[in-house]
Amino acid sequence: MLYRGFNPKKYEKEILDMWEREKVYEKVRSERANGPKFNFLDGPPYPSSDTPHPGTLWNKVMKDSVLRYWRSKGYNVLDRPGWDTHGLPIEVMTEKSLGFRNKKEIEDYGIANFVRKCMELVHRNVKSLTEHFKNFAVSMDWDNPYMTLEDSYIESAWWGLKKIWESGRLDRSERPVHWCPRCETVLSDYEVSQEYRDLMDPSIFVKFPVRGGEKEYILIWTTTPWTLPANVAVMVHPDEEYVKVKVGDEVLILARKRLDYVMKEAGVEDYEVIESFPGRELEGLQYNHPLEDVIPLQRKIREHHKVVLSEEFVTMEEGTGCVHSAPGHGMEDFLVGERYGLPSPSPVNSQGRFTEEVGKYKDLYVREANDLIIEDLAERGALFHKGTIVHRYPVCWRCKTPLIIRKTSQWYIRVVDLKEKLMKDVEQVNWVPSWAGERRFKDWLNNLRDWIISRQRYWGIPLPIWVCDKCGRVEVIGSVRELEEKSGRRPENLHRPWVDEITWKCEKCGGTMRRVPDITDVWFDSGISFYASFGYPYRDEGFEEVFPVDFITEGHDQIRGWFFSLLRVGDLLFGRAPYKSVLMHGFFLDERGREMSKSLGNFVPPEEIVERFGRDVFRVTVLTKVPWQDLRFSWDRLKETQKRLSIVWNVYVFATTYLRDMELGVLDEVRDPVNRWLLSRFNSTLKKVYESMERYYLHDATNALLDFFVEDLSRLYVRVARKKLRSKDEGVIKEWANALYMVLRDMLPVLAIYAPLTAEEIYQKSFRQEGDPESVNMLLLPEVREDLISKELEDEMDLVKEVVSAIGNARSKAKVRKRIPLKKAVVVGVDNFSQVVGRFKDVLQVESNVKEIVVGEPPQGEGWTKADFSRGEVFLYTEVGEEELIEGLARELIRRIQEMRKELGLTIGLERIEVYIQGGEAVAKAVESYREDIAWDSDADLVKVVSSEEEVPSESFGKEWDVNGERVYIWVRRK
RNA sequence: GGGCCCGUGGCUCAGACUGGUAAGAGCGCCCGGCUGAUAACCGGGAGGUCGGGGGUUCAAGUCCCCCCGGGCCCA
């Protein structure tokens, strides 16, 4: 028996336990095993914490609603969760827990020990996060997740890398990259863009003496003095105007557009332009490096010091228009340098300290060398001006160390030439919303760069690349078996350091083949998930059948993350995008619209949500929100959802109260237009829900369902049904009971998509019959009966609602309470309303309490109150006569008797009573006139007017009431 | 500098892809009602130049252009 009061706390945990105990999920899976396939791929969350961010819960709940939908449609759903287990965040956390500050401490501790610690951390967090997701009724295959740290997964990665190598796209090259001097590794562009800080740096203007010139200098500007020792050239814009300016007895060369700014900055008021020319005329102009006397490197490259042209990288927005170029410390400088055949020295080691190539600065940490370099420049008269600047500067997203750009040898996957193809792939995908793909993704692809795949760290997929230490020959290994064949050994684990120990003799020269020490970029790990989660191609777990997957969904940050990464790998290895539909969702923000994070202290713990509102309330709250916009969290929102769900709950409670002990069978013939309307609305709702789910408009589906409960059932149908279910005509009761029962029962599997715990509780407590499946999760979604949908009926009911509302309006104006029946209302302006009145007179009666509603011309005479609605107007006769007052009084009495019955705990329709009433003349008259109605409504065998308490049997329950200002005594005697 | 998204009553949000009924809901506020779903529920009202301007159209919150404000991404 369903009980009163929507109270998720009472049942949610119990239901979850029941599912676990009875292995409900496993049973549903096996029941659907032969159904058509729906393939979902989980974007693997990063297990860096043991508590999920509320946004991750939102993400998982959205996924769950889609999975539940297809499963309830009879599909065999691929619903494996994933975990993205490798990478720097886990390493950094492990380092912190061990108190390490650099790589050396890790190596001293032992890579094997360190990697084991990382693994432990991952497993611990995965376990905890899994419990959290299960706790929100997320139905995935939790016992069987894919994890990027598994050997089978790593082996699949190797297979992919080997294939890419064979296609000629994998190679090593030396380029400047963003480098974290603490973590001592390269960072990808993506990682760099994660974190910027405002840093204060020197802003200096430096004079480079023109070779052979007489006190003539090229004026450059930089905020990274430490890159000056690696200066090779100066870039100018070919088409901008440059000038020679006389300052004192010196001549400076800079861009015209920067002149005023620079002089003002340097506090120089006396200067004179003596010559002007386009930048291209400067090309080839040679200069001397001001620090060449102290930097051995500079003496080596002195013949390269000259002006080069670049229209793409020289701006007139900052600096002097003459750009100091150090190809070893800047991507742009490097590109221009390549064009001119310039060297690209990068005299900085992996810890960000200068090498001996730069003489006296050796071993200094680059940022700390700035002051000394500036001093040396000043001593040599090369410093034109020194200031400071606060600018956004990239820092390591994990350890917050300012990054440097440094040339290193890295492994790349060349993809830039695939741009056009990738653009085409994107068009093949169904993006929700469409602009996510059409615009955002394409914009991102426009900036496509080659993929730096190597990282100089420990916890990750080891690059399966072995290089001969003698002849430099490269071999890429695609499987464990291949490794074993080459080396005769099989590592106990495919991680570092175990694979590092595997070596073999070079076939060509007899040297030793050693693995490059790098691991892969973690975006490679997750990018291969669509096939590596199957262990493809070494384990046959049905990969080919599910490629490409039907559906993925993640936040908009994953445009350049996972969506991109998957596409890149999909195209490299299989020539197409590995997914068919993508739902891009928003971020979960706090009440003020800021990102939610533990460090900001605005993080809402899942436990608190469960404690205050419960799991289903959270689920439905997030599911009613447009997915692709950011969601601003608020407790008020949860409160609203709680109210909506409690109406759903109450509708079910209402039904079970009235339908108890009734024989419910099939609904063979539906006569009443209100019931035909109900079935129409039911089927329209199903249709809307299904269509919305299939285009991933999750909020439309959820709202359509809730609106059906709130608008159609609660506000309308139930109110009429209350009367009908107590009809004197058995046939009427039967029809209404069956219609209501069927609709509510068939809606349960739909409700279970969004609020599975609540749906299960209702199912178990009152709708599950002998022989029914043991869980609501096993029910199939009802099919849409198009033939029962009637646009006409639905439109008519909308009109009825409007008329009712207009009558309510008129009552309000005339100040006549609803309990008083009114004689007549005239509807003006709607042609077919007579037919509507005929069909829906019960609704009109219950909702408006007007005896006669007709269609016609505006009535003449006194006593009419008018109200407008969209298609016409209503004239309500609001004069109240004796007769109406008496009838209203009868309703007052009934209401009070009912209240007393309730107080006595009597069961409706079952326990009978006798009623005694003492009051004035009007009361007596009301009882006389409406005795039968009173008796029927209150299950009374006797309704009697008495003149004093003496006439009332002694064991009666009596109460004094104030009815419209009159004192009335009522006694109820239980029989 | 480029790209994308957002801007709708006091607050939180639907509606925009596919132009068309007097622009909706919930919360809050004011007034009233209902009463065997009831620690609920319902009706009425006040409150919106749909950020601003221009354009297309018989018709624009919706399509196009420009601007302003906020956010995200890229440079």
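Residue numbering restarts at 1 for every chain, and letters A, B, ... go by the order of the sequence lines.
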For [N] and [M], measure between their [atom1] atoms and round to the nearest Å.
{"N": "B/C41", "M": "B/A59", "atom1": "P", "value": "45 Å"}
{"N": "B/C42", "M": "B/G9", "atom1": "C1'", "value": "22 Å"}
{"N": "B/G2", "M": "B/C65", "atom1": "P", "value": "15 Å"}
{"N": "B/U8", "M": "B/G53", "atom1": "P", "value": "16 Å"}

For [X], which contact category applies under a 4.0 Å heavy-atom criterion: base, sugar-phosphate, or nothing?
{"X": "A/Phe587", "result": "nothing"}
{"X": "A/Asp636", "result": "nothing"}
{"X": "A/Glu847", "result": "nothing"}
{"X": "A/Arg695", "result": "base"}
{"X": "A/Arg644", "result": "nothing"}
{"X": "A/Arg811", "result": "nothing"}
{"X": "A/Val626", "result": "sugar-phosphate"}
{"X": "A/Lys639", "result": "nothing"}
{"X": "A/Phe869", "result": "base"}
{"X": "A/Arg440", "result": "base"}

Inset, instruction - Establish whether the base of B/C4 is bridged to the side chain of A/Arg439 by a donor-acceptor pair shorter than 3.5 Å. - result: no
Inset, instruction - Please figure out whether A/Asn447 or A/Tyr3 has its closest RNA chain B nucleotide nearer the 5' end. - result: A/Tyr3
Legend entry - Whichever of A/Glu911 and A/Ser805 has its nearest RNA chain B nucleotide further upstream toward 5': A/Glu911
Does the separation of the ring centres of [X] and [Y] fall below 6.0 angstrom?
{"X": "A/Phe588", "Y": "A/Phe633", "answer": "yes"}
{"X": "A/Tyr717", "Y": "A/Trp736", "answer": "yes"}
{"X": "A/Trp649", "Y": "A/Tyr3", "answer": "yes"}

Inset, instruction - List in chain and number order the residues that pass salt bridge (Lys or Arg N to Asp or Glu O under 4.0 Å) with A/Lys851, two or more places apart in sequence or in another chain; answer none if no residue qualifies. - result: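 Testing A/Lys851 for salt bridge (Lys or Arg N to Asp or Glu O under 4.0 Å), a comparison that skips the adjacent residues, returns A/Glu887.
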Tell me: [atom1] of [X] to [atom2] of [N], nearest whole Å?
{"X": "A/Glu332", "N": "B/C74", "atom1": "CD", "atom2": "P", "answer": "15 Å"}
{"X": "A/Ile559", "N": "B/C74", "atom1": "CD1", "atom2": "P", "answer": "12 Å"}
{"X": "A/Lys801", "N": "B/G24", "atom1": "NZ", "atom2": "C1'", "answer": "13 Å"}
{"X": "A/Asn7", "N": "B/A37", "atom1": "CG", "atom2": "C1'", "answer": "16 Å"}
{"X": "A/Glu640", "N": "B/G24", "atom1": "CD", "atom2": "P", "answer": "19 Å"}
{"X": "A/Asp712", "N": "B/A25", "atom1": "CG", "atom2": "C1'", "answer": "15 Å"}
{"X": "A/Tyr697", "N": "B/A16", "atom1": "OH", "atom2": "P", "answer": "8 Å"}
{"X": "A/Lys625", "N": "B/C13", "atom1": "NZ", "atom2": "C1'", "answer": "7 Å"}

Inset, instruction - Return the nearest nucleotide to the side chain of A/Ser714; candidates are B/A37, B/A75, B/C74. - result: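 Closest nucleotide to the A/Ser714 side chain: B/A37.
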Legend entry - All pairs passing salt bridge (charged side-chain N to carboxylate O under 4.0 Å, His left out) where residues 702-712 of chain A contributes a residue, at least two apart: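 For residues 702-712 of chain A: A/Arg644-A/Asp707, A/Arg681-A/Asp712, A/Glu711-A/Arg715, A/Asp712-A/Lys801.
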Legend entry - Consecutive Watson-Crick or G-U pairs in runs of at least 3, all under 3.5 Å, in which RNA chain B is involved: B:1-7 with B:68-74, B:10-13 with B:24-27, B:29-33 with B:41-45, B:51-55 with B:63-67
Legend entry - For A/Phe708, the option from A/Leu678, A/Val689, A/Val648 that meets side chain to side chain contact (heavy atoms under 4.5 Å, CB included):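 The passing option is A/Leu678.
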Inset, instruction - For the pair A/Tyr696 and A/Trp431, evaluate ring-ring contact (aromatic ring centres under 6.0 Å, His included) and give the outcome as yes or no after the intermediate values. - result: CA-CA 10 Å; A/Tyr696 305 108; A/Trp431 293 91; over 10 Å; no
Inset, instruction - Answer yes when A/Asp842 and A/Lys723 have at least one side-chain N-carboxylate O distance shorter than 4.0 Å, and no when they do not. - result: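 Not counted as a salt bridge, because no side-chain N and carboxylate O are separated by less than 4.0 Å.
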Legend entry - Heavy-atom side-chain proximity of A/Arg817 to A/Val880 below 4.5 angstrom: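 No. Closest side-chain heavy atoms not under 4.5 Å.
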